[in-house]
Amino acid sequence: MTVPAVRMVVRALIGAALLASGAYAAMARSPQEDTFHAAPPAFPRSARSNFVERCGGCHGLEGRSVARNVPDLAGRAGFFLCTPQSRSFAGRLPNVMFARLSDEDLADVLNYVMFDLGETATSRLAKPYTSQEVAAYRANPLSVTDLHAKRREVVGEMVARCQAPQAMLDYNRPRGRIPGRVEEMK
């Protein structure tokens, strides 16, 4: 196991232990007053628990991924609420759609990710996902052969129309040579 993988596992275990002890409740952010935007919706504690348990291993406990091929959610996920196409894309991702959660619990997790982890001005103006919307997404899953190409298309529109960070397009590109990769062994 690589050092980053060990660190990710240790962080996940520590996060699970803190979650079980209720420490996360003490760390919860208080809603900030903003006269221009509505306050983000309140999320049930189970939404954060479900995120940590089902998503935190790859996306990081705080939405900051350590893996190159897993996008960061912190400060970014909210941009997916800026267009109907990007909202649908985020809600219809295979790992989201097939999560073993009720439609209501999955809507809560999506809202936690978009409004809390991915908080942006865009997300503050958007409406939360509903259990009915999640049920409709589950009935119509993404069916693209190249998910990364579809993501680039959707994120490209978000960058152009919603001032999403350009870096959102680059999450899966190589960041230099990785020692021991197969390409180097040839």
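Numbers for residues simply follow the sequence, beginning at 1.
- With 3.5 Å as the limit, one finds a donor-acceptor pair spanning the side chains of Thr83 and Ser86.
- The closest side-chain heavy-atom distance from Tyr129 to Leu81 is below 4.5 Å.
- Summarising the geometry of Leu61 relative to Phe51, their closest heavy-atom pair is O-CE2, 3.7 Å, with the distance given to 0.1 Å.
- The shortest heavy-atom contact between Ser131 and Asp103 is O-CB, 3.6 Å.
- The two residues Arg151 and Pro71 make their nearest non-hydrogen contact at NH2-CB, 3.6 Å.
- Between the CG atom in Asp116 and the CD atom in Glu62 there is a gap of 8.5 Å [rounded to 0.5 Å].
- Rounded to the nearest 0.5 angstrom, Leu73 CG and Phe80 CZ are separated by 8.5 Å.
- For the atom pair CZ (Arg64) and CG (Asp72), the distance works out to 8.0 Å, reported to the nearest 0.5 Å.
- Residue Tyr112 holds its OH atom at 10.0 Å from SG of Cys55, rounded to the nearest 0.5 Å.
- Considering every non-hydrogen atom in both Pro141 and Met97, the closest pair reads CA-SD, 3.4 Å.
- Summarising the geometry, atom CG belonging to Leu147 is positioned 10.0 Å from atom CZ belonging to Arg152; distances are rounded to the nearest 0.5 Å.
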Side-chain donor/acceptor pairs under 3.5 Å, residues 156-168, sequence neighbours excluded:
{"from": "Glu157", "atom 1": "OE2", "to": "Arg161", "atom 2": "NH1", "distance (Å)": "2.6"}

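- The two residues Leu106 and Ala99 make their nearest non-hydrogen contact at CD1-CB, 4.3 Å.
- No side-chain donor-acceptor contact under 3.5 Å links Ser88 to the backbone of Gln85.
- Here the OG atom belonging to Ser49 is positioned 11.5 Å from the CG atom belonging to Asp108, to the nearest 0.5 angstrom.
- For residues 80-96, the pairs satisfying salt bridge (Lys or Arg N to Asp or Glu O under 4.0 Å) are Arg87-Glu133, with sequence neighbours left out.
- Between the side chain of Asn111 and the backbone N or O of Ala107 there is at least one donor-acceptor pair closer than 3.5 Å.
- Remark: of the listed residues Glu53, Arg48, Arg54, Arg54 is the sole one forming a side chain to side chain donor-acceptor pair (under 3.5 Å) with Asn50.
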